[in-house]
Chemist: 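Pasting a structure here, questions to come.
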There are 2 protein chains.
Amino acid sequence: MAGIKDVAAAAGLSVATVSRALNNHPSVSPDARARVLAAVEALGYRPNAVARSLRTDQTRTIGLVISDVLNPYFTELARFVEEEARTLGYSVIIGNANEEPDLQDHHVRTLLERRIDGLLVSPADGRSPLMVDAAGGRTPMVFVDRWIPGVDVPVVRADGRQAIRDLVAHLHGLGHRRLAIIAGPAATTTGHERVEAFREALREYGLPLPDAYIGQGDFQADSGRRVTEEFLALPEMPDVVFAADNLMALGALDAVRARGLRVPQDIALAAFDDIPWFVHTDPPVTAIAQPVADLARAAVRALVDLIEGRPPQSVTLPARLVVRRSCGETPSTPSPNRSNL
Amino acid sequence: MAGIKDVAAAAGLSVATVSRALNNHPSVSPDARARVLAAVEALGYRPNAVARSLRTDQTRTIGLVISDVLNPYFTELARFVEEEARTLGYSVIIGNANEEPDLQDHHVRTLLERRIDGLLVSPADGRSPLMVDAAGGRTPMVFVDRWIPGVDVPVVRADGRQAIRDLVAHLHGLGHRRLAIIAGPAATTTGHERVEAFREALREYGLPLPDAYIGQGDFQADSGRRVTEEFLALPEMPDVVFAADNLMALGALDAVRARGLRVPQDIALAAFDDIPWFVHTDPPVTAIAQPVADLARAAVRALVDLIEGRPPQSVTLPARLVVRRSCGETPSTPSPNRSNL
DNA sequence: CTGAAAGCGCTTACAG
DNA sequence: CTGAAAGCGCTTACAG
């Protein structure tokens, strides 16, 4: 395969000049530039980014480690991250942790060995020693969505507290009193924060959150199924199940359906994270929507600021409640008719 | 950051020996190996994959260019591709073309410059010159799902012909006679093949497929919306709309709903590509399911065979019809109750 | 079993 | 504006 030397030979110039021409260095004569371009074209030359990276010590690549690609929330996040990164001249390599701590570590290690310029992470496991000392290393790092307390790294995330309070108000207004939650893993911030916000909101209404109404999930559909089955088997079934992510809501829907029950008549359902399909499920699902595109953009910008030596900015954006019909009654404000895709 | 030289110094050995120890070369004494490992640990040494790649001329990375990450079909494909690749010792870099030919080319170019060992592609645009001559280049390449006729590259894909025939039989059995299709871009194989298979199946039942019943979509939700609106505005509205992918089915659902019509009473709906949410939509959507995991695995294996000098294998796997309620009547065989996630 | 040395394909001071 | 040369961090014949 043609290298820069071949181009230089074909153009009758040194490799130094070819390199300059290719990198738009100002001091290259128009004539030289033209000959280089012609030679590149003729030989079908494609610069070797590996060699360039070794020499310049930058890969113009950022790593994105997410907990689960199959979760539409993260898929969307990844899509916007790539878009913003591309705009700023970076590629992104995605590492999918699949909610498995070992797999997360595998990807972090691999990305670090590949010398990515920066790392965007939504930690699947906040206790991973590797992750913690990667944060202490010299590879710039930013947390998105989930983060690790006590680790000094910028965080870009959504705050769902108010939206959860709105949700509880909505549920209370519909007469629901026995509210249950399917939580995410305790080792993740979003895993316990959502429970805490829920508990706090319930307290404002003088409602209890008994242990039996806190199901331990792992953000995957299966756990939503399992926890919901347990809820349904309780002597006093909850009026509402709030799933801390959309996949567990899917599982909950499966479980309710398997029992032959109906939403919301027999049991109500709400989810954290909105997805286009929630408009068309039976019934449409009330959900808390995060400003995913904005989060992705802010996260990339913070990371690139860090990479390029500017002060990065932590960002917290509010999530918002989108009322549909899965908790009862038709919403008075008609919900938008499109699925945002 | 510690390099191999530092490790060598700390271990009191040459870099050559350190390198051998790290690469599990047989001729390294147990003592040397132990000292190397200790030094690596002490210094927190992380091998530089960029340097290694430059030297060995392999990156142990494959590129995956897909048409749209937000399409659950491709998300799932990507997930399984990564899994299989990891098993075989490769990383994968995903390039999301977003159904935009220019973006597809951008990613192909970037991946080639990064010297990935092989390329897995589902072409968003079969006419891209870059793509065609990349196929002729020396980077091993395999097509998944979509391919480019006339280009000599192994293809791993699903054949939906029989499933589409089954679908038409199902529709005909329910008394539907005016069948319409939302097609994908003509520049993609899946874009026109699905239309052809549909047309052929209709012919077997003596049914026409008038031009007015062929809507031109682009595999994105918006186009499904637009085309469906056109169908609904026809003097003679179709009985059924068959969307050539799941995103266009989403758009179709939006459009039907916006018009205040009901599925399947007013108009029936079916989709190519099954997704977990189709179990819970209102109504559950009849769809054609591809064996995604198997396709992903076969594609990676074919590519790695090519990379490692073994003869690759093109593979075609059958898709299958999953009957639910969106075309009318309750299916006699109860559909599975879980959403496969 | 170990080490000295060449070289992968670039970029970039340095000199002219 | 251009070129000769060093060097990025590894791996791998080659010699011992």
Side-chain angles (χ1 to χ4, degrees), chain A residues 1-37 39-40 43-61 89 109-117 138-139, chain B residues 1-37 39-40 43-61 89 109-117 138-139:
Chain A
M1 138 139 246
I4 198 173
K5 268 191 269 191
D6 305 297
V7 176
L13 290 163
S14 73
V15 295
T17 301
V18 173
S19 173
R20 290 194 196 93
L22 260 22
N23 290 289
N24 286 86
H25 189 98
S27 59
V28 175
S29 70
D31 172 61
R33 195 179 302 278
R35 273 152 62 203
V36 168
L37 263 28
V40 163
L43 299 173
Y45 169 71
R46 232 177 265 294
N48 184 328
V50 174
R52 184 204 309 249
S53 291
L54 179 61
R55 185 49 234 252
T56 61
D57 197 35
Q58 51 169 348
T59 50
R60 298 247 94 194
T61 300
R109 209 179 339 259
T110 305
L111 290 167
L112 257 20
E113 290 187 357
R114 279 167 193 282
R115 297 298 192 266
I116 43 133
D117 294 339
R138 75 291 71 173
T139 302
Chain B
M1 138 135 248
I4 196 172
K5 268 191 270 191
D6 306 295
V7 176
L13 291 163
S14 73
V15 297
T17 301
V18 173
S19 173
R20 288 193 196 94
L22 260 22
N23 291 290
N24 287 87
H25 189 97
S27 57
V28 175
S29 68
D31 171 62
R33 195 179 302 278
R35 272 149 68 203
V36 167
L37 263 27
V40 163
L43 299 174
Y45 170 71
R46 233 177 265 295
N48 185 327
V50 174
R52 184 205 308 251
S53 291
L54 179 60
R55 186 48 234 253
T56 60
D57 199 35
Q58 51 168 349
T59 51
R60 299 246 94 193
T61 300
R109 207 176 346 256
T110 304
L111 290 168
L112 257 22
E113 292 187 355
R114 277 167 194 283
R115 297 297 192 268
I116 43 133
D117 295 338
R138 78 292 67 180
T139 302

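Throughout, protein chains are lettered first and strands after them, A, B, ... in sequence-line order, and every chain is numbered starting at 1. Hydrogens, waters and symmetry mates are skipped; everything else that's a heavy atom, side chains included, is used.
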Chemist: Round to a whole Å and report the spacing from CG of B:L22 to P of D:dT11.
Modeler: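 Value for this atom pair: 7 Å.
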Chemist: When you check the phosphate oxygens OP1 and OP2 of D:dG3, does a side-chain N or O of A:T17 lie under 4.0 Å from one of them?
Modeler: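 For D:dG3, OP1/OP2 do have a side-chain N/O of A:T17 under 4.0 Å.
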Chemist: Using a cut-off of 4.0 Å on non-hydrogen atoms, how would the nucleic acid contact of A:S19 be classed: base, sugar-phosphate, or nothing?
Modeler: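 Answer is base: heavy atoms of A:S19 come under 4.0 Å of a base.
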Chemist: In the structure I gave you, are the side-chain heavy atoms of B:R115 and A:N48 within less than 4.5 Å of one another anywhere?
Modeler: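 Result yes, sub-4.5 Å side-chain heavy-atom pair found.
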Chemist: So, does A:S29 get its side chain near the phosphate of D:dT2, meaning an N or O under 4.0 Å from OP1 or OP2?
Modeler: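 A:S29 to D:dT2 OP1/OP2: side-chain N or O found under 4.0 Å.
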Chemist: Take atom C1' in C:dG16 and the same atom in C:dT12, then report the distance between them in whole Å.
Modeler: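 After rounding to an integer number of Å, I get 16 Å for this pair.
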Chemist: Rounded to the nearest angstrom, tell me the gap between atom CG in A:N23 and atom C1' in C:dC10.
Modeler: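 Rounded to whole Å, this separation is 9 Å.
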Chemist: So does B:R20 reach the base of C:dG3 with its side chain, donor to acceptor, closer than 3.5 Å?
Modeler: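 For B:R20, whose side chain was compared with the base of C:dG3, there is a donor-acceptor pair (under 3.5 Å).
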Chemist: Which is more 5' along DNA chain C, the nucleotide nearest A:N48 or the one nearest B:G12? Just name the residue.
Modeler: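 Of the two residues, B:G12 wins.
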Chemist: Both distances under 3.5 Å, Watson-Crick or G-U wobble: report the partner of C:dA15, or none.
Modeler: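 Looking at the geometry, C:dA15 pairs with D:dT2.
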Chemist: Does the side chain of A:R52 come within less than 4.5 Å of A:P47's, by heavy atoms?
Modeler: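 A side-chain contact under 4.5 Å exists here.
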Chemist: Can you check the distance between C:dG9 and C:dA13, where both ends of the measurement are the P atom (answer in whole Å)?
Modeler: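 Those two atoms are separated by 23 Å.
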Chemist: Mind calculating the distance between CZ (A:R35) and P (D:dC1) to the nearest angstrom?
Modeler: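 So the CZ-P distance, A:R35 to D:dC1, works out to 14 Å.
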Chemist: Rounded to the nearest Å, what distance is computed from the CE atom of residue A:M1 to the P atom of nucleotide C:dC8?
Modeler: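 My rounded result for the distance is 15 Å.
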Chemist: Whole Å only: how far is the CG atom of A:L54 from the P atom of C:dT11?
Modeler: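 In whole Å, C:dT11 P and A:L54 CG are 11 Å from each other.
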Chemist: Between C:dT2, C:dC10, D:dC1, which nucleotide gets closest to the side-chain atoms of A:A51?
Modeler: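 For A:A51, the side-chain atoms sit closest to C:dC10.
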Chemist: If you look at every strand shown and take non-hydrogen atoms under 4.0 Å, does A:A49 touch a base, only sugar-phosphate, or nothing?
Modeler: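 The residue A:A49 makes no contact with any strand.
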Chemist: Whole angstrom is fine here: how far is it from CZ in B:R52 over to P in D:dT11?
Modeler: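 That distance rounds to 5 Å.
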Chemist: Calculate the interatomic distance between B:K5 atom NZ and D:dT11 atom C1'; express it in whole Å.
Modeler: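 Computing the B:K5:NZ to D:dT11:C1' distance gives 14 Å.
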Chemist: Using only heavy-atom distances, decide whether a donor-acceptor pair under 3.5 angstrom links the side-chain of B:R55 to the base of C:dG9.
Modeler: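 No, the side chain and the base share no sub-3.5 Å donor-acceptor pair.
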Chemist: Answer whether the closest heavy-atom distance between the side chains of B:V18 and B:Y45 falls below 4.5 Å.
Modeler: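 A side-chain contact is absent here, since even the closest heavy-atom pair is not under 4.5 Å.
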Chemist: Mind checking if A:T56 touches a base, just sugar-phosphate, or nothing, with heavy atoms under 4.0 Å?
Modeler: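 Counting heavy atoms under 4.0 Å across all strands, the contact made by A:T56 is with sugar-phosphate only.
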Chemist: If I compare all heavy atoms of A:T59 with all of B:V50, which pair ends up nearest, and what's the gap?
Modeler: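 In terms of heavy atoms, the two residues are closest at CG2-CG2, 4.2 Å.
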Chemist: How many whole angstroms separate atom NE2 of A:H25 from atom P of C:dT11?
Modeler: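 Interatomic distance, NE2 of A:H25 to P of C:dT11: 12 Å.
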Chemist: Taking all atoms of both residues into account, what is the closest heavy-atom pair of B:V36 and B:L22, and its distance?
Modeler: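 It is CG1-CD1, 3.6 Å.
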